[in-house]
Amino acid sequence: MGLEDQAETAGLDFIRSIVATDVASGKHGGAVVTRFPPEPSGHLHIGHAKAICLDFGVAAEHGGRCHLRFDDTNPTREEGEFVEAILRDLRWLGFDWGEYLYYASDYFERLYDYAVELVGRGKAFVCDLSSEEIAARRGTLTEAGTPSPFRERSVEENLDLFARMKAGEFENGERTLRARIDMASPNLVMRDPILYRVHKVPHHRTGEQWCIYPLYDFAHCLSDSVEGITHSLCSLEFVDRRALYDWILDALETPCHPQQIEFARLNLSHTVMSKRVLREIIEAGHVEGWDDPRMPTLSGMRRRGYPPAALRSFCEGVGVAKRANTIEMARLEHSVREELNRTAPRAMAVLDPLRVVIENYPEEDEELEAVNNPEDPSAGTRRVPFSRELFIERADFMEDPPKKFFRLAPGREVRLRYAYFITCEEVVKDAEGHVVELRCRYDPATRGGDAPDGRKVKGTLHWVSQRHAVRAEVRLYETLFEVEDPMDVPEGGHFLDHLNPDSLRRLEDCALEPALAAAEVGSRWQFERQGYFCLDGRSTPEAPVWNRSVTLRDSWAKVSGKRKG
RNA sequence: UGGGGCGUCGCCAAAUGGUAAGGCAGCGGCCUUUGGAGCCGCCAUUUGUAGGUUCGAGUCCUACCGCCCCAGCCA
């Protein structure tokens, strides 16, 4: 390689290094064409997001393109409904495939022709063995398989039989088309793999047109080649299949031979990525569906209020390598906070209201000015109504506070954010001794939150005027599972045993500041001192529902948690 | 025990034979009209283990150990 061909690869992940090197050396004519190939059999999840960011990212970095191709070769699992969901999620995540939208099913005719060509070259045969018989002859990890008795059929007979498979003369499972490779291969994938099977099932796009369908191994490499893909990126469990990918492309006359490169898929702690498992959780009724805010799906995260930019930055941040990995949930939450801190307007909301009466405050209301986003001056300010009767957070008052509790307590003075200093004069309790109301006094000189005499208070509380409050339901979420690895199940146990019983907590009677009445569905806000919240997609103006996306980092929780031991 | 992939801080991850980046988490501190944000500091004498080559090894060689994937007519 000449000096001029050398690519600068320092700091790049191993895939980007390969691609940069290929581009520099003029391989594939310097082009970069990737593809994202989802199977429409479920919703996209955060693990897919990593692949999406990689596929589209690598292409964009070289002025190339990324195709979106639905890998819809198995009509028994796939549905058009999922195609729509995937399209929606991809757009939401912020990616654009332009005109390059494809379906593997678009290639059925062409793939059939390739299969015929393979048969003609003596490299594939029609096998009459049943599924069980094929399995029995596959051999084991340490023993070679035994060839099918149909392996030596003539090209003519194979051609005839394959045509009859296509014509519908055989029932499901009666015949398969198999590659003629090596039943003794140490790589199980190469032991005469099945290329086509009979599935008399309507397809979501081709309807009843076909009753034979290609398998992944046959359809994928050829689809890549037909589309002129240069780098076919996939996850590590496909490493063994690369031999077959290459074998098929070498066995046929194809437009090009893309390079398959495998990387480690993303795993997230406290959740699962398996579609099968997610489906099981849904079907058992433990969540509302694919878009439940506790799900690791893109639709779930959207509903939860995670911004797409946060997901992208998370995916870029975790990197690309070949080592099995489990990213801590805390890291995802970090990305979400980082984005929302910059962009979310602030508001005040009292989730667990405790009534406060300011005894020396007049009957007339007033409006105070509040900053919309201290991180973004252009977000401006708003007016918040203040009155004699307020709500504060129940957790912001303690009758007998511990040492480091800086909030309200009998005789203590605190600041009400953007409003006044107040002092608690009296605690009103009900018959059972529960605190039901606080009687306080305010200092009119502290309007806006500063004392002209320079005295300081340690605590600042959020509040909402009772009369002006918007009532709403707020849903607090925790991780779906209470353990890091839900699939690590003890003997006789089940992963559902690890479900977190507190993953959803509904607070039905929260009090929000009036500005929140005008919030748009899907909009993301910071409720000051508490976290980031998103107005649920199924919310109505009459019955607003807010989802907590993530809490604010809470150093008091840490201190109080330590106290409890 | 066949084949393949992988072992660098609790979790990710750089380092391309020249003397272990960075992020997350954690821990101290500063600041604060969000106990938020921000800021400062601490956090691998050592890269799974043992040998070897080399002036020099996370990088090269040998052996061992551990983890993950593969026996769907799923993708």
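So you know, we letter chains A, B, ... as the sequences are listed, proteins then strands, and number each from 1. Keep in mind it's a predicted model, so treat the numbers as computed, not measured.
- A/Tyr213 comes within 4.0 angstrom of no nucleic acid atom, judged by non-hydrogen atoms across all strands.
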What does the list of N/O pairs under 3.5 Å between the protein and nucleotides 16-23 of chain B look like, with a distance for each?
from	atom 1	to	atom 2	distance (Å)
B/U16	O4	A/Thr9	O	3.4
B/U16	O4	A/Thr9	OG1	3.3
B/G23	N2	A/Arg331	NH1	2.7

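- You'll find a donor-acceptor pair under 3.5 Å spanning the side chain of A/Gln526 and the base of B/U34, going by distance alone.
- Spacing of C1' atoms, B/A75 relative to B/C69, comes out at 15 Å, to the nearest Å.
- A parallel orientation is assigned to the rings of A/Tyr213 and A/His203, their planes being inclined by less than 30° (bins at 30° and 60°).
- Ion pairing between a basic and an acidic side chain is recognised when a charged N comes within 4.0 Å of a carboxylate O; A/Arg382 and A/Glu513 show such pairing.
- Between A/Phe238 and A/Tyr216, the ring planes lie tilted relative to each other; the angle falls in the 30° to 60° range.
- Residue ring and nucleobase are not stacked for A/Tyr216 and B/A75 under a centre distance beneath 5.5 angstrom and an angle between planes beneath 30°.
- Because its glycosidic torsion is within 90° of 0, B/G72 is reported here as syn.
- A/Arg553 has its CZ atom 13 Å from the C1' atom of B/U34, to the nearest Å.
- Rounding to whole angstrom units, CH2 of residue A/Trp556 and C1' of B/U32 are separated by 18 Å.
- A/Tyr442 and A/Tyr420 have perpendicular rings, their planes meeting at more than 60° on a 0 to 90° scale where under 30° would count as parallel.
- The separation of B/G29 from B/G18, taken at their C1' atoms, amounts to 37 Å, rounded to a whole angstrom.
- With rounding to whole Å, A/Asp240 atom CG is found 5 Å from B/G4 atom C1'.
- For the pair A/Lys322 and B/G5, the criterion of a side-chain N or O lying under 4.0 Å from OP1 or OP2 is not met.
- Applying the 4.0 Å criterion to OP1 and OP2 of B/U32, one finds that A/Lys458 has every side-chain N and O outside that range.
- As judged by a 4.0 angstrom heavy-atom cut-off over every strand, A/Phe14 is placed among residues making no nucleic acid contact.
- Looking at which nucleotide of RNA chain B each of A/Tyr196 and A/Ala419 is closest to, the 5′-most match is held by A/Ala419.
- Contacts of residues 261-269 of chain A with RNA chain B (heavy atom under 4.0 Å): none.
- At whole-Å resolution of the value, CE in A/Met329 and P in B/C12 are 14 Å apart.
- B/G22 sits 11 Å from B/G41 when the P atoms are compared, rounded to a whole Å.
- Distance check on atom P: B/G23 versus B/C40 gives 11 Å, rounded to whole Å.
- Ion pairing between A/Asp396 and A/Arg529 holds under the 4.0 Å rule for side-chain N and carboxylate O.
- For A/Arg407 against B/G35, a side-chain N or O and a base N or O form a donor-acceptor pair under 3.5 Å.
- No hydrogens or angles were tested; on distance alone, nothing pairs the side chain of A/Glu143 with the base of B/G2 as donor and acceptor under 3.5 Å.
- Taking the P atom of each, B/A50 and B/C68 are spaced 23 Å apart, rounded to whole Å.
- A/Arg337 places a side-chain N or O within donor-acceptor distance of the main-chain N or O of A/Thr551, the cut-off being under 3.5 Å.
- Distance CE (A/Met190) to C1' (B/G4): 13 Å, rounded to an integer number of Å.
- One finds no salt bridge joining A/Asp106 and A/Arg69 here, because no Lys/Arg side-chain nitrogen approaches an Asp/Glu carboxylate oxygen to under 4.0 Å.
- Ion pair A/Glu169/A/Arg175 not flagged as a salt bridge, since none of the NZ, NE, NH1 or NH2 atoms sits closer than 4.0 Å to an Asp/Glu carboxylate oxygen.
- Taking the nucleotide of RNA chain B with the nearest heavy atom to each of A/Ser555 and A/Thr76, the more 5' of the two is matched to A/Ser555.
- Going from the C1' atom of B/C43 to that of B/A20 covers 14 Å, rounded to whole Å.
- For A/Asn187 and B/G4, a side-chain-to-base donor-acceptor distance below 3.5 Å is absent, hydrogens and geometry of angles not being considered.
- Residue A/Val189 is out of contact with every strand shown, counting any heavy-atom pair closer than 4.0 Å.
- Side-chain contact between A/Pro38 and A/Phe70 is present, with heavy atoms from C-beta onward closer than 4.5 Å.
- The same atom, P, is picked in B/G17 and in B/U59; the two are 12 Å apart, to the nearest Å.
- A/Asn341 comes within contact range of at least one nucleobase, with a heavy-atom separation under 4.0 Å.
- Here the separation of B/G48 from B/G7, taken at their P atoms, is 9 Å to the nearest Å.
- When side chains are defined from C-beta on, A/Phe421 does not count as touching A/Leu416, because their heavy atoms never get closer than 4.5 Å.
- Partner A/Tyr196 forms a ring pair (Phe, Tyr, Trp, His ring centres under 6.0 Å) with one of A/Tyr114, A/Trp210, A/Phe162 and no other, that one being A/Phe162.
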